[in-house]
Amino acid sequence: MHVPDGFLSPPTYVPAYALAVGAWAYAARALRQRLDDTLLPRLAVLSALGFVLMSVMLPLPGGTSVHASGIGILAVVLGPWITFAAVSLVLLLQALVLGAGGITVLPVNALAMGLAGSAAACLGYRLLRRVDERAGLFAAGWIATVLPAVLVAVVLGVQPALAHAADGQPLFFPFGLSVTLPAVVLPHAILGIGEGLLTVLVVSFLRRR
């Protein structure tokens, strides 16, 4: 799901940086307010889990790949803003150490996965847990996988319209929404089933502990 450097045009990632900087400042303040001896080990362990899950890329036909993220788990346990901060740090480390993602695209990846994904996961969990706790946890994992995929697919798919030469030739990512939506969203909708089950298992285990 990571968007690599060179795929997004400046009209995309410059405004994304402006939005992300404000969100990072708010997330840092939320983290400082909640950080204590109980939160710190949870944050460290779950961030490490997210790093490992996002580092295991499963290749797909056509040169794309999918990976789990653990964002649903972080969102349910830590809330959306701390999850956003943790996922942003994980994405930065992966870009610098593993070459996954990139620096220019960091705010887009962070906003799609860390903020939108975790916020939607929390909302889905809170709505469905009234009916069934496990259904809420499963929904959190599935939504945290699928919604970022939709956002990434849309951002990629609009690049030919945002940045192109005089003859219409795309300057960055060359494929439109008719390609990106099915190529990105469908595999992640399937992956989301596994992510939902993982969220149920991990959060249930943490609560028993």
Side-chain angles (χ1 to χ4, degrees), residues 1-8 10 12-60 63-122 140-141 144-145 147-149 151-152 155-156 184 188 191-192 194-195 198-199 202-203 206:
M1 193 188 303
H2 292 62
V3 180
D5 274 334
F7 276 38
L8 301 183
T12 302
Y13 64 74
V14 171
Y17 256 113
L19 179 60
V21 166
W24 283 325
Y26 187 90
R29 185 162 60 250
L31 179 59
R32 285 196 301 270
Q33 291 173 349
R34 287 186 53 190
L35 194 60
D36 55 25
D37 293 340
T38 301
L39 177 64
L40 185 60
R42 292 179 184 175
L43 178 60
V45 170
L46 294 178
S47 298
L49 174 63
F51 183 92
V52 171
L53 290 175
M54 283 191 261
S55 300
V56 180
M57 303 288 183
L58 304 177
L60 295 175
T64 61
S65 63
V66 297
H67 61 79
S69 66
I71 292 173
I73 300 170
L74 274 79
V76 171
V77 176
L78 303 175
W81 286 108
I82 294 180
T83 298
F84 173 55
V87 171
S88 297
L89 179 59
V90 167
L91 291 171
L92 177 61
L93 290 175
Q94 288 188 321
L96 295 176
V97 177
L98 303 179
I103 300 302
T104 61
V105 296
L106 176 63
V108 174
N109 288 329
L111 290 169
M113 298 170 64
L115 186 55
S118 64
C122 287
T145 303
L147 179 60
L151 296 176
V152 166
V155 169
L156 288 172
V184 176
H188 284 89
L191 175 68
E195 188 90 33
L198 179 66
T199 304
V202 172
V203 176
L206 291 175

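Since we're looking at a predicted model, the values are computed, not measured.
- Taking each heavy atom of A23 and L115 in turn, the nearest pair found is CB-CD2, 4.3 Å.
- Closest non-hydrogen pair, A116 versus A112, comes out as CB-O, 3.6 Å.
- Heavy atoms only, all atoms of each residue included: A121 and G72 are closest at CB-CA, 4.4 Å.
- For the pair L49/V45, no side-chain contact is recorded, criterion being any heavy-atom separation below 4.5 Å from C-beta on.
- Counting only residues at least two apart or in different chains, side-chain hydrogen bond (donor to acceptor under 3.5 Å, both in side chains) contacts with residues 25-45 are absent.
- In this structure, the side chains of L8 and V155 come closer than 4.5 Å at one or more pairs of heavy atoms.
- How far CG of L46 is from CG of L39: 9.5 Å, rounded to the nearest 0.5 Å.
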- Item | Test log, rule side chain to side chain contact (heavy atoms under 4.5 Å, CB included), inputs L96 and I103 | CA-CA 8 Å; L96 295 176; I103 300 302; 3.9 Å; yes
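- In this structure the side chain of I71 never reaches within 4.5 angstrom of the side chain of E195, judged on heavy atoms.
- In terms of heavy atoms, A27 sits closest to F84 at CB-CD2, 3.8 Å.
- Qualifying side chain to side chain contact (heavy atoms under 4.5 Å, CB included) partners for A119, counting only residues two or more places apart in sequence or in other chains: P80.
- Using a 4.5 Å heavy-atom threshold, the side chains of Y13 and L106 count as separate.
- Applying the side-chain hydrogen bond (donor to acceptor under 3.5 Å, both in side chains) test to pairs two or more places apart or on separate chains, those with a residue in residues 72-97 are H2-Q94, W24-S88, S55-Q94.
- F7 pairs by the side chain to side chain contact (heavy atoms under 4.5 Å, CB included) definition with V3, P4, L156, F173, not counting sequence neighbours.
- The minimum heavy-atom distance linking V76 with A140 is given by the pair CG2-CB, 3.8 Å.
- Scanning all heavy atoms of the two residues, the minimum distance from A16 to V108 falls at CB-CG2, 3.7 Å.
- The side chain to side chain contact (heavy atoms under 4.5 Å, CB included) test applied to L43 returns L31, S47, L78, I82, A86, not counting sequence neighbours.
- Here CE of M113 is found 9.0 Å from OG1 of T145. Values are rounded to the nearest 0.5 Å.
- Not a single side chain to side chain contact (heavy atoms under 4.5 Å, CB included) links P15 to another residue, sequence neighbours left out.
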